[in-house]
Amino acid sequence: MELLTSEDFKNTRIQPEWTAMDYLLEVVRVDQEKMQEQTFMNKKKNGRLKRKRRLQEEKNKNKRPITYPSKPLMPEGLKQHIVENMGGSNCVLVIQKQLFFSDVNPQASRLLIPFSQVESHEFLNESEVERLKNKEAIKACLVEPSMEETEINFKWWDMRKRSMYVVTTSWNSIVKNNQLKVEDVVQLWSFRVNSTLCFALKKF
């Protein structure tokens with residue numbers, strides 16, 4: 001309970017004939033009114049907090065959960081296309097990620113692959129690593145989810161304290177042709193055709 005101040009008595013009209021008891025009763029009346037006002041404001045505040053908490057719970061309940069395949073395996077149809085139609089081999093999962101706005105933003109036109117999320121860096125040979133470290137882009141074939149084959153540039157970017165691989169060139173057309181959007185989950189696979197580095201993108 002807060003103590004009364006002179007501000008609480010600004011509407012009190014003191015009468016000359018008041019006795020000590022009248023003053024005491026006026027203090028009690030003002031104190032009770034202040035307590036009732038504080039109780040009302042606390043209930044109002046608690047009501048807002050409850051509504052806010054309930055809305056947040058409903059929002060969390062309706063939010064689509066991120067689901068990933070339990071065990072990353074290359075889909076049979078894609079694997080068959082790579083092996084039988086392209087003569088590919090050595091399929092390695094590079095990354096499985098959820099797409100963010102930066103990945104589908106046409107102004108950026110690139111897919112970011114943070115090192116921290118890469119399943120394995122062993123899909124690159126020593127020569128390719130050196131080329132990437134020297135800021136040289138590697139031209140590679142990428143099999144889209146639609147099974148179309150597109151030429152991309154695969155790069156290495158150092159951004160502040162983070163490093164990442166980046167897919168550029170034709171990325172906007174890949175996004176458009178396969179209707180990629182925010183929150184889609186994709187897998188990027190690497191494979192070899194006559195020792196040449198290639199990639200395949202799977203959309204879930």
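By the neighbour-count criterion of 12 heavy atoms within 6.0 Å, atom CG of Asn134 is densely surrounded, having more than that number from other residues, nucleotides or ligands. In this structure, Gln179 places its CD atom where only 12 or fewer heavy-atom neighbours from other residues, nucleotides or ligands lie under 6.0 Å away.
From Asn105, atom CG reaches atom CH2 of Trp171 across 12.5 Å, with rounding to the nearest 0.5 Å. Annotation: the span from Thr168 atom OG1 to Asn153 atom CG amounts to 4.5 Å, rounded to 0.5 Å. Here CZ of Phe123 is found 9.0 Å from CZ of Arg192. Values are rounded to the nearest 0.5 Å. To the nearest 0.5 angstrom, Glu144 atom CD is 5.5 Å from Asn177 atom CG. In this structure, NZ on Lys202 lies 12.0 Å from CD on Gln96, to the nearest 0.5 angstrom. In this structure, NZ in Lys155 is found 11.5 Å from CZ in Arg110, a value given to the nearest 0.5 Å.
Counting only heavy atoms from C-beta outward, the side chains of Trp189 and Lys79 never approach each other to under 4.5 Å. Contact of the Phe154 side chain with the Val167 side chain is registered, since non-hydrogen atoms from C-beta on lie closer than 4.5 Å. Counting heavy atoms from C-beta on, the side chains of Ile113 and Val166 never come closer than 4.5 Å. Using a 4.5 Å cut-off on side-chain heavy atoms (C-beta onward), Asp184 and Gln98 make no contact. Within the 4.5 Å cutoff, no side-chain heavy atoms of Arg131 are placed close to those of Trp156. Between Met147 and Asn85 the shortest side-chain heavy-atom distance does not fall below 4.5 Å. Side-chain contact between Tyr165 and Leu124: present, with at least one pair of heavy atoms (C-beta onward) separated by less than 4.5 Å. Between Leu201 and Leu188 the shortest side-chain heavy-atom distance falls below 4.5 Å.
In this structure, Ser146 and Asn178 approach most closely via the heavy-atom pair N-OD1, 3.0 Å. Residue Asn172 comes nearest to Pro106 through the heavy atom pair ND2-O, 3.0 Å, listed as atom of the first residue, atom of the second, then distance. Closest non-hydrogen pair, Ala108 versus Ser102, comes out as CB-O, 4.0 Å. Here the shortest heavy-atom pairing between Glu151 and Ser170 reads O-OG, 3.3 Å. Residue Leu112 comes nearest to Lys97 through the heavy atom pair O-NZ, 2.9 Å, listed as atom of the first residue, atom of the second, then distance.
For Glu128 (side chain) and Asn125 (main-chain N/O), a donor-acceptor pair under 3.5 Å exists by modelled atom type. Side-chain atoms of Asp103 do not come within 3.5 Å of backbone N or O of Val182 as any donor-acceptor pair.
In the hydrophobic clustering of ILVMFWY residues, with side-chain heavy atoms under 4.5 Å counting as a link, Val92 and Val129 come out together. Note on Val94: it clusters hydrophobically with Ile152, by side-chain heavy-atom contacts below 4.5 Å among ILVMFWY residues. Placement of Phe101 and Met164 in two distinct hydrophobic clusters is found when ILVMFWY residues are connected by side-chain heavy-atom separations under 4.5 Å, directly or transitively. Following chains of ILVMFWY side-chain contacts shorter than 4.5 Å, one can reach Phe199 starting from Phe115, so the two form part of one hydrophobic cluster. In terms of hydrophobic clustering, with Ile, Leu, Val, Met, Phe, Trp and Tyr side chains grouped at heavy-atom distances under 4.5 Å, Leu197 and Ile95 are assigned to a common cluster.
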Point to revise | Worked check of side-chain contact (heavy atoms from CB on, under 4.5 Å) between Gln187 and Glu119 | key: CA-CA 11 Å; Gln187 288 179 344; Glu119 296 287 335; over 6 Å; no
Check your understanding: What do the steps show when you test Asp158 against Lys133 for salt bridge (charged side-chain N to carboxylate O under 4.0 Å, His left out), and what is the final call?
Key -> CA-CA 9 Å; Asp158 289 314; Lys133 284 184 176 180; over 6 Å; no
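Checked by atom type, the side-chain pair Glu84/Gln80 shows a donor-acceptor distance below 3.5 Å.
Of the residues listed (Leu180, Val175, Val185), the one engaging Leu99 in a side-chain contact (heavy atoms from CB on, under 4.5 Å) is Leu180, and it is the only one.
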